[in-house]
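Below is one structure, written out as structure tokens, with a few remarks after it.
Both backbone and side-chain heavy atoms feed into the values below; hydrogens, waters and symmetry mates do not.
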Amino acid sequence: MSDAIQATPAERNAITRWWERASRIDPRYLIAFLITLVLVAAQLRYHMLGSYDRLVLALGVCMATEALLSWFDRGKVVNLLSAYISGISLTLLLKPQGGALWPFVLGGFIAISSKYVLRYRENHLWNPTNFAVAALLLAAPDRVSVLSHQFGNDITTNAVIWIFGLVIAARVGVLHITLTYVASFLALNAARALALGQPVLPEIAPITGPMYQLFIFFMITDPRTVVRGRRKQIMVAVLIAVMETLIRFASDKGWPLPTAFNVAPAFLALALVGPVAKWIDLHRSVAPTR
């Protein structure tokens, strides 16, 4: 009996030590692990990449652009994990017509260069992948589309991604953003469905899909582009969900919106709300010393 009693505290101490050790890991490594897990699951389970040329091009362009621009801008090559995450995300998200490869090249360049061009007080305002996808959808809606339901409805695959995603989001300290957006999405779209006399489940089902997994775990929680402060982060997450619901409602009513808004309302909502919130947050902060 005494051995059993002593084993329990030892196991708890081991878990505590592991959790504390994980807290010291650069969040980018945890995020890189999660995006790699999504990529591997997508390819092994559904052969979703189409061809490895897309992966090689997206990763190569993102990492090469990051290396060159960081060396030109800062005099050194920065950690390329951010470029790696952008490359994997673009590989998963972009679905060009006819198997074209140029969107992965152009998208990779746009994503990384936006960090060095669209800045305020030495901070980039858009999540790189979100900006690139939104730009391509707006510029070439007849040639470029995005991932929608290609993961299927396999419970095991989705459960693994969601479990790892929630654990890593908690460890990185952005779980409240993810949960706030999910709760807002469910409430707002359920209300929208009821207002339009439509079934609720089909309207809230997309939150479990692959596009939204990438959106809630990698885009709206990007540590470099979220505002500072837990309360403000929650407010911005709600505003993004509200903007998305308004875009969906406008589509329901047949308003003449660009195709990009109908194809990826969540991405366009973040592209509109996120940078404005970040700019206001930076503008209100104390000016950096020179």
Side-chain angles (χ1 to χ4, degrees), residues 27-28 31-32 35 54-55 57-96 101-141 143-147 174 177 211 214-228 236 240 243-244 258 260-261 263-283 288:
R28 290 174 296 182
I31 296 171
I35 193 70
R54 300 177 176 185
L55 176 62
L57 280 174
L59 276 178
V61 171
C62 284
M63 298 180 79
T65 303
E66 183 84 81
L68 289 172
L69 291 181
S70 63
W71 177 80
F72 178 79
D73 184 60
R74 306 176 188 178
K76 64 178 182 179
V77 176
V78 299
N79 191 317
L80 299 179
L81 271 177
S82 176
Y84 172 83
I85 294 168
S86 293
I88 298 294
S89 299
L90 289 171
T91 303
L92 289 167
L93 286 170
L94 292 179
K95 300 299 172 187
L101 296 177
W102 64 264
F104 299 96
V105 176
L106 183 58
F109 177 77
I110 292 174
I112 303 304
S113 61
S114 70
K115 300 196 308 181
Y116 294 88
V117 177
L118 303 174
R119 294 192 295 188
Y120 179 68
R121 290 189 175 177
E122 299 305 314
N123 288 266
H124 57 276
L125 301 177
W126 276 267
N127 170 271
T129 306
N130 176 255
F131 180 81
V133 172
L136 288 174
L137 288 174
L138 287 169
R143 302 295 301 278
V144 179
S145 187
V146 293
L147 175 72
V174 294
I177 300 176
M211 185 181 77
L214 295 170
F215 183 74
I216 67 176
F217 291 130
F218 302 112
M219 287 191 183
I220 63 172
T221 58
D222 179 7
R224 298 297 301 274
T225 55
V226 297
V227 298
R228 289 163 296 181
V236 172
I240 293 170
M243 176 62 75
E244 180 190 1
F261 286 84
V263 172
F267 288 9
L268 272 296
L270 174 59
L272 291 172
V273 175
V276 175
K278 183 67 175 179
W279 186 89
I280 293 173
D281 185 48
L282 292 170
H283 185 70

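- Shortest non-hydrogen contact noted between G107 and L136 is CA-CD1, 3.8 Å.
- With values rounded to the nearest 0.5 angstrom, K278 atom NZ is found 13.0 Å from W126 atom CH2.
- Put simply, the side chain of L101 does not reach to within 4.5 Å of the side chain of V105, judged on heavy atoms.
- Taking the side chain as every heavy atom from C-beta outward, L93 and F267 approach each other to under 4.5 Å.
- Although no hydrogens or angles enter the test, the distance criterion places a donor-acceptor pair under 3.5 Å between the side chain of R228 and the main chain of D281.
- Side-chain contact check for V226 versus V236: every heavy-atom pair is 4.5 Å or farther apart.
- I35 contributes atom CD1, which lies 3.5 Å from atom OG of S89 (distance to the nearest 0.5 angstrom).
- A pairwise comparison of heavy atoms in A132 and I110 identifies CA-CG2, 3.9 Å as the closest pair.
- Listed by first then second residue, pairs satisfying salt bridge (charged side-chain N to carboxylate O under 4.0 Å, His left out) with a partner in residues 61-76 read E66-K115, D73-R119, not counting sequence neighbours.
- Residues P275 and L270 come closest through the heavy atom pair CD-O, 3.3 Å.
- Counting heavy atoms from C-beta outward, L90 and T129 have side chains that approach closer than 4.5 Å.
- In this structure, S114 contributes its side chain and A111 its backbone to a donor-acceptor pair below 3.5 Å.
- Judged by distance alone, with hydrogens and angles left aside, the side-chain atoms of N130 form no donor-acceptor pair with the main-chain N or O of M219 at under 3.5 Å.
- Contact annotation: the side chain of I112 approaches that of S86 to within less than 4.5 Å [non-hydrogen atoms, C-beta and beyond].
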Given side-chain contact (heavy atoms from CB on, under 4.5 Å), test L214 with L147 step by step and report yes or no. CA-CA 10 Å; L214 295 170; L147 175 72; 4.2 Å; yes
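- Across all non-hydrogen atoms, the minimal contact from A260 to L268 is O-CD2, 3.6 Å.
- Distance check: T225 OG1 to I220 CD1 gives 10.0 Å after rounding to the nearest 0.5 Å.
- When the ring pair (Phe, Tyr, Trp, His ring centres under 6.0 Å) test is applied to F109, no partner is found at least two apart in sequence or on another chain.
- Looking at Y116 and H124, their side chains never bring a donor and an acceptor atom within 3.5 Å of each other.
- With contacts defined as side-chain heavy-atom distances shorter than 4.5 Å, the pair L59/Y84 qualifies.
- Residues satisfying the side-chain hydrogen bond (donor to acceptor under 3.5 Å, both in side chains) test with N127, not counting sequence neighbours, are D222.
- Side-chain contact between L272 and F261 is present, with heavy atoms from C-beta onward closer than 4.5 Å.
- Closest approach of M243 and V273 over heavy atoms only: CB-CG2, 3.8 Å.
- With rounding to the nearest 0.5 angstrom, the CG atom of L137 is 7.0 Å from the OG atom of S145.
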Is there a side-chain contact (heavy atoms from CB on, under 4.5 Å) between V133 and V146? Walk through the geometry before answering. CA-CA 8 Å; V133 172; V146 293; 3.6 Å; yes
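- For the pair L55 and I88, the minimum side-chain heavy-atom distance is below 4.5 Å.
- Residues A58 and T91 come closest through the heavy atom pair CB-OG1, 3.4 Å.
- The distance from the CG atom of L68 to the CE atom of M63 is 12.5 Å, given to the nearest 0.5 Å.
- Within the model, atoms CD of E244 and CZ of F215 stand 6.5 Å from one another, a figure rounded to the nearest 0.5 Å.
- Other residues, nucleotides and ligands contribute over 12 non-hydrogen atoms within 6.0 Å of the CH2 atom of W102.
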